[in-house]
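For reference, the structure is listed below as structure tokens.
Naming convention: chains lettered A, B, ... in sequence-line order (proteins, then strands); numbering from 1 in each chain. Side chains are part of it too, since the values below use all heavy atoms of this structure and drop only hydrogens, waters and symmetry mates.
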Amino acid sequence: MRHRGAEEQRTDLTDRTDPTDRADLFDLSNIEAVLAGALDKARALGASGAKVAYRQSRRTGCRFENARLKSVASARGASYTVTVLADGRRGVAGGTSLADLDEIVARAAAMAKVGSASHFSAWPAPAATASVPRWSDRTAKLPRETLVDACRRIADALKAYRDDLYVEGGASRSEGEGLLLTTGGVRHMSRGTHWSISAEAQRTEGTDMLFAGFGRGWRDVNELFDPAAIAEHILADLRRGERTAPSPAGRTTAVLSPEMFGMLLHAVEMGVNGRNVAKGDSPLRGRIGQKVLDECLTLTDDPHVAMSPGAAEIDADGVPTRKMTIFDRGVLQGFLYDLDSAALAGAEPTGHDGCMTHNLQVLPGRRGSEEMLADVADGVYLKMLMGFGQGNLINGDFSCNVALGFRVRGGEIVGRVKNTMAAGNVYELLAGGVELSRDRDPALLLPHARVEGLSLAAEK
Amino acid sequence: MRDRLIEALKKARADYAEVRYAADDATSVTYRGREVENASTEKRTGGIARACVRGGWATATFDTLDALEAMLAEACASAAMVGRERTELAGEAAAAAGEYPAAMERDFRGVALDEKLKLIERYNGVILGHHESIETSVVAYFDRFRRQHFANTRGAYYMEDRPQAGVVMVAVARDGSLVQRAHDGWTSAAGYAVAEGREADAEALARRAVELLRAPQPEGGPRTVVLNQQLGGVFAHEAFGHLSEADFLYENPKMRELMRLGRPMGTGELNIIDDGSLGGLIGTHRYDDEGTPTRQTYLIRDGVLAGHLHSLETAGKMGAAATGNARAHGRTDVPIVRMTNTYIAPGAKGFAELIADVDDGLYACDAFGGETMMEMFTFSAAYAYRIRRGQIGELVRDVVLTGNVFETLGRMDGFGDDLVIREAAGGCGKGGQGPLPVSFGAPHLRIRDVIVGGR
């Protein structure tokens, strides 16, 4: 199929027909009164406590297939969830239409009769929250044409490198408002915007395929909204992958990209998940104050980074969020708790929905990532793993396929490795001999990480 | 409803337009360890208007039908701004028609919540009580009743009820720092019965988790592997089925060449079939989510690549007939090419005959999960046994299989006579849409030189 350049595809995709700018959709004051009525209804049905969370959102986006615009999408919707607490049990019911609200409250009360064991007996009173910017007018008004143009620029850059690449991509922006009301007295309105751009290139030679992809997302249209930079990430991998190289075998030095490092950290996030700890599943239970990871690793969760995707003022129960140090120089400082898990564990809630991080960050190291890579005598540079989450990840165990990785010899990337499996335990890999880069991904705020002793095996 | 949708579509200014609208009513209850972890229900609606003009597509999604005409108008106008080529959709199939209400043997909507909870409480008790090394468990019951309406500008209209119920169980055993899990799940469109009578399954899962604690890991490297029917089915679905989905092919000349019809894929005994019309299975519907009747499609016949799975557009652009594989997961999702019920057809060998030839290999069973990136696949077998000199030997754990699907299919040299199609409770994920209900199956299979991952 012939490649279409930007000049051939002038389109006028202004949002003349986009009905998402209707101001009445944004006014939540009517809805707040209706939702407060739901809390009253819950109490009338015998609940000792209740909460209702309402959310409405609009989204516009585009999709590119084979390096050209293929489709556009617009979405709008609203939904709500009611949680009822009665006799030490909680039940949840969700609905779309507010006309069903009474029925949904009744359903939540019915679920509470059989419901999940509640370890807390009341939703807490409102407490002071940080004000964290999550809404950007620039994002809310971002024209669809700009999203299309961003994808087009990336597609053109990738096809200019190699015309037989298969290129896909997409971009979107969304905005939404939410209301949380609890019988503890919380009345919290939140609103937020978000944009995302991503693309993927596939190079096929016979039955050999190379996939390279990258994306970005943020709440404000800032310097991260940079199609050229996104294209360059993908092009860098395509260039690195022009040749193949044999895999090392056995225990290997690996440099992990920030995304890869983040993937490994999922296991640690499961370990500090307070519910997993309270339920006995986590290998980190009972280890607060112990040195678990390499001393170069200081991990924090920061929900207050303005405009970050994880930015949040309160959690789903109205508990204010906070910046929290999870590991300080490798020493475990604490666990993440939502309201129920905290009560189960006899701890204080930390403002974490589902006991999961909002915005995990790792403090940087001393040397630049290029310098670190130049110091690898023989190893691999890993960009993507396939099948990582299968198996006992909560224990840190993984055994998976290297989807995109490169051989490093004498500090140089010498080619792409294929048909290679990687295995190991995340806690063992991060326990010692780790180095972090000074530079961090500007959105993820994660550095590159060098680890020792990753087990690799390749098909002969 | 039919008239409402058809009337709205009459005003649609597009080469093709459709509306899909669904109402869901769902319940789930979950035990984790000794406590109920979750008890939730939902009643939600939503839909999507979709239009194609000059080969460009647009969608507009909504919660209720109140603004249907406006949503359709928006989709048509947006598609007109996108489209720069030609609309090429497969020719007119018999237009979908009819209303198909659910016919469950035991309608789960009539089963009291209390009964559902007691059921999983019983299974949970079996797991937790099995052995002192059982550390924890997860047992979940879920059901969802979806009533879906669809109409398009070709005059198609249907209403179809799509009920689904199921149970998932996980047993976790610990010995010091070693943890092993066993899990399984069952789902069905036929009603509540799929959840009942699973005490023996719960017991078997707990026993397996405990036994895996003592099982060694295999050495890594190439081995001859016999797959059980569930793992063979996962292989058919993950490793090969996704490559057959024509939306990965139709705009990609190199992929089309790689997956050209007539290409030899394996021995003459190899047949892989997708069938969305297969009697009442969880992946079965009368029509797909573009109104195309479902049917049986041979993907590989007698060892040769014989067909692809299509939507209206992939079929139109590839000069094929639509196969009824355009499916959407969520109420407001765009339909994309998906599998339905996918299986490897049986051969003639008994299990004993398949393993008789294996000097030092593995009998790998069930799957923790599978992932595929085009031609590369990776699966974790749930458990496995050594095969030594034609005999099943000791249990082994942490068996991960990987390879290139083209090479692996070519090395499939033994087909059992014992096809089993599993309606397992996990579903299929693609393009952010999942878990989509699918089933998959195979007989016992033997494959030479599969790469087994090891520490």
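For chain B, the nearby part of A:N395 is the side chain; its heavy atoms alone come within less than 4.5 Å. For B:S380, the parts lying under 4.5 angstrom from a heavy atom of chain A are both the backbone and the side chain. For B:F379, the part lying near chain A is the backbone, with the side chain staying farther off; criterion is any non-hydrogen pair under 4.5 Å.
Between the side chains of B:D63 and A:T96, not a single donor N or O lies within less than 3.5 Å of an accepting N or O. Under the 3.5 Å distance criterion, with hydrogens and angles disregarded, a donor-acceptor pair is assigned to the side chains of A:S74 and B:E74.
In this structure the side chain of B:E251 reaches within 4.5 angstrom of the side chain of A:Y166, judged on heavy atoms. By the 4.5 Å heavy-atom criterion applied to side chains, B:R44 and A:S97 are not counted as neighbours. At least one side-chain heavy atom of A:N419 sits less than 4.5 Å from a side-chain heavy atom of B:M376. Residues A:Q202 and B:K254 are not in side-chain contact: their nearest non-hydrogen atoms beyond the backbone lie 4.5 Å or more apart.
Considering all non-hydrogen atoms of both residues, A:G280 and B:E135 come closest at O-OE2, 3.3 Å. Here the shortest heavy-atom pairing between B:S28 and A:M111 reads O-CE, 4.1 Å. What you find for A:S116 and B:A39 is that their closest heavy atoms are N-CB, 4.0 Å. The minimum heavy-atom distance linking A:S399 with B:V400 is given by the pair OG-CG2, 3.4 Å. For the pair A:V114 and B:V36, the tightest heavy-atom approach, listed with the atom from each and the gap, is O-CG2, 4.2 Å.
For chain A, the option among B:T136, B:N252, B:I48, B:N38 with the highest count of heavy-atom pairs below 4.5 Å is B:N252. Among the candidates A:V82, A:N276, A:I394, the residue making the largest number of heavy-atom pairs closer than 4.5 Å to chain B is A:N276. Listed options B:L117, B:L178, B:D247 were ranked by heavy-atom pairs under 4.5 angstrom with chain A; first place goes to B:L117. Between chain A and the options B:L113, B:V405, B:L258, heavy-atom pairs under 4.5 Å are most frequent for B:L113.
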(message) Determine whether A:R68 and B:R84 satisfy the following criterion, side-chain contact (heavy atoms from CB on, under 4.5 Å), listing intermediate values before the conclusion.
(response) CA-CA 10 Å; A:R68 51 77 165 100; B:R84 284 284 177 281; over 6 Å; no
(message) Between B:D114 and A:K113, is the salt bridge (charged side-chain N to carboxylate O under 4.0 Å, His left out) condition met? List the steps.
(response) CA-CA 9 Å; B:D114 218 47; A:K113 286 200 170 51; over 6 Å; no
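Around CG of A:D87, the count of heavy atoms belonging to other residues, nucleotides or ligands within 6.0 Å does not exceed 12. Counted within 6.0 Å of CZ on B:R260, heavy atoms from surrounding residues, nucleotides or ligands total more than 12; the atom is thus considered enclosed. Within a 6.0 Å radius of CZ in A:R162, more than 12 heavy atoms belonging to other residues, nucleotides or ligands are found.
Under the 4.0 Å criterion applied to side-chain N and carboxylate O atoms, A:K279 and B:E37 are assigned as salt-bridge partners. A salt bridge links B:D25 with A:R107: at least one charged nitrogen is closer than 4.0 Å to a carboxylate oxygen.
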